[in-house]
J.: 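Could you have a look at this structure, given as structure tokens, before my questions?
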Amino acid sequence: MIDTVAWVCLADGRVLGTRTRGRELFYIPGGKRRPGESDTDTLFREVREEVAVDLLPGTVEHFGTYEAEADGHGADVLVRMACYTAEHRGVPVASAEIEEVRWLEYADRDLTAPVDRAVFDDLKAAGRLV
């Protein structure tokens with residue numbers, strides 16, 4: 001099991017997606033927890049590294065936790081992704097290993113990793129994703 005945390009950032013019915021250099025699929029911004037890190041510690045660090053924005057601590061809310069096959073690791077490896085929403089300061093841009101940042105609609109669902117697709121389905125069902 002790969003333990004990750006992700007930031008679900010919505011704007012105008014679209015969700016922020018990132019594509020790592022050399023990869024084809026988009027991912028919701030976030031990443032793996034370091035030993036001893038809390039969800040929020042991981043969330044703040046990963047979002048800062050990947051899209052160069054600061055999340056506002058008092059605005060963090062758990063959105064849901066999802067599990068699916070880990071992209072690129074074979075059928076026997078799962079990823080668990082704890083997702084959070086939060087307000088932020090700054091404009092998301094590609095940073096560090098991120099090659100591309102894109103605002104994704106539900107029609108882009110198949111361009112994302114398997115675990116992200118479940119988030120897309122929930123956002124669409126809630127009327128929050130065009």
J.: What residues, two or more places apart in sequence or in another chain, satisfy salt bridge (charged side-chain N to carboxylate O under 4.0 Å, His left out) together with Arg128?
T.: none
J.: Just distance, no hydrogens or angles: give the donor-acceptor pairs under 3.5 Å from side chains in residues 77-86, sequence neighbours left out.
T.:
from: Arg80; atom 1: NE; to: Glu67; atom 2: OE2; distance (Å): 2.9
from: Arg80; atom 1: NH2; to: Glu67; atom 2: OE2; distance (Å): 3.1
from: Tyr84; atom 1: OH; to: Asp39; atom 2: OD2; distance (Å): 2.4

J.: Using the side-chain hydrogen bond (donor to acceptor under 3.5 Å, both in side chains) rule, collect all pairs that involve residues 52-61, keeping only residues at least two apart or in two chains.
T.: Arg48-Asp54
J.: Going by side chain to side chain contact (heavy atoms under 4.5 Å, CB included), name the residues that satisfy it together with Val93, two or more places apart in sequence or in a different chain.
T.: Ala52
J.: Considering all heavy atoms of both residues, which atom of Lys32 and which atom of Thr42 are nearest to each other, and what is their separation?
T.: O-CG2, 3.6 Å
J.: Quick one: side chain to side chain donor-acceptor pair (under 3.5 Å) partners of Asp108, sequence neighbours excluded?
T.: none
J.: With Glu37, which residues qualify under salt bridge (charged side-chain N to carboxylate O under 4.0 Å, His left out), at least two apart?
T.: Arg45
J.: Which pairs of donor and acceptor atoms, one on a side chain in residues 21-29, lie under 3.5 Å apart (sequence neighbours left out)?
T.:
from: Arg21; atom 1: NH1; to: Ala96; atom 2: O; distance (Å): 3.2
from: Arg23; atom 1: NH2; to: Tyr27; atom 2: OH; distance (Å): 3.0
from: Arg23; atom 1: NH2; to: Asp71; atom 2: OD2; distance (Å): 2.8
from: Tyr27; atom 1: OH; to: Asp71; atom 2: OD2; distance (Å): 2.4

J.: Kindly state each residue pair satisfying side-chain hydrogen bond (donor to acceptor under 3.5 Å, both in side chains) with at least one member in residues 1-13, sequence neighbours excluded.
T.: Asp3-Arg33
J.: In the hydrophobic clustering (ILVMFWY, side-chain contacts below 4.5 Å, transitive), which residues join Leu56, or is it alone?
T.: none
J.: Excluding sequence neighbours, so at least two apart, what forms salt bridge (charged side-chain N to carboxylate O under 4.0 Å, His left out) with Asp122?
T.: none
J.: Suppose we screen for salt bridge (charged side-chain N to carboxylate O under 4.0 Å, His left out). Which residues come up paired with Glu97, at least two apart in sequence or across chains?
T.: none
J.: Heavy atoms only: give me the nearest Phe44-Pro57 pair and the separation to one decimal.
T.: CZ-CA, 3.7 Å
